[in-house]
Amino acid sequence: MDFYSEKVMQHMRKPKNVGEIKDADGVGKVGNPACGDVMFLYIKVKNDRIADIKFKTMGCGAAIATSSMITELAKGKTLEEALKLSRADVAGSLGGLPPVKMHCSNLAASALHAAIQDYLSKKGVALVAAKRVKKRR
Ligand code: FES
């Protein structure tokens, strides 16, 4: 068996949604201190849906492929649906990843969640949630 699936190779060679959204509603930046890879993910939100999404990743081939796949999976989804996307969804949609590369898919899911969190924070949603948590203590 090859190290990477055909799907991973496709997204590595021709990644989708590469770039930056200058006036993004939310930006997620995550890095992996172990390998030094960094991923930026930009979202535009319309009616609680991800209307546009782009990424810039400085990292390994698997990080590029997982970034590309997470943008494909998240585009058009509601924020709630997008928040449920996990690294297993990313890896599964790519036909699997070698165990040593699973952390790369974690990076992609985390970048998406961070971008949504950034958007919600700007809307004041995270602050409301934080206050509720504080009150419960
Ligand atoms: Fe670091 Fe893939 S080796 S994200």
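Nothing fancy with the numbering, it's 1 onward along the sequence. Just follow the structure's listing: the first ligand is 1, and inside any ligand the first atom is 1.
- To the nearest 0.5 angstrom, D89 atom CG is 7.0 Å from L73 atom CG.
- T66 and S105 form no side-chain donor-acceptor contact under 3.5 Å, judged by distance and modelled atom types alone.
- In this structure E20 satisfies the salt bridge (Lys or Arg N to Asp or Glu O under 4.0 Å) test together with K22, K56, sequence neighbours excluded.
- For atom 1 (Fe) of ligand 1, the set of protein N/O/S atoms nearer than 2.8 Å consists of C35 SG, D37 OD2, ordered by chain and number.
- Between K54 and V18, the shortest heavy-atom distance links the atoms CD-O, 4.0 Å.
- Close approach to K101 involves these atoms of ligand 1, each under 4.0 Å from a residue heavy atom: 3 (S).
- Within a 6.0 Å sphere centred on CD of E6, other residues, nucleotides and ligands contribute more than 12 heavy atoms.
- Note on ligand 1: M39 sits outside its first shell, no heavy atom being nearer than 4.0 Å.
- Residues D23 and K44 are paired through a salt bridge, judged by an N-O separation under 4.0 Å between the basic side chain and the carboxylate.
- When all heavy atoms of L112 and A82 are compared, the pair lying nearest together is CD2-O, 3.5 Å.
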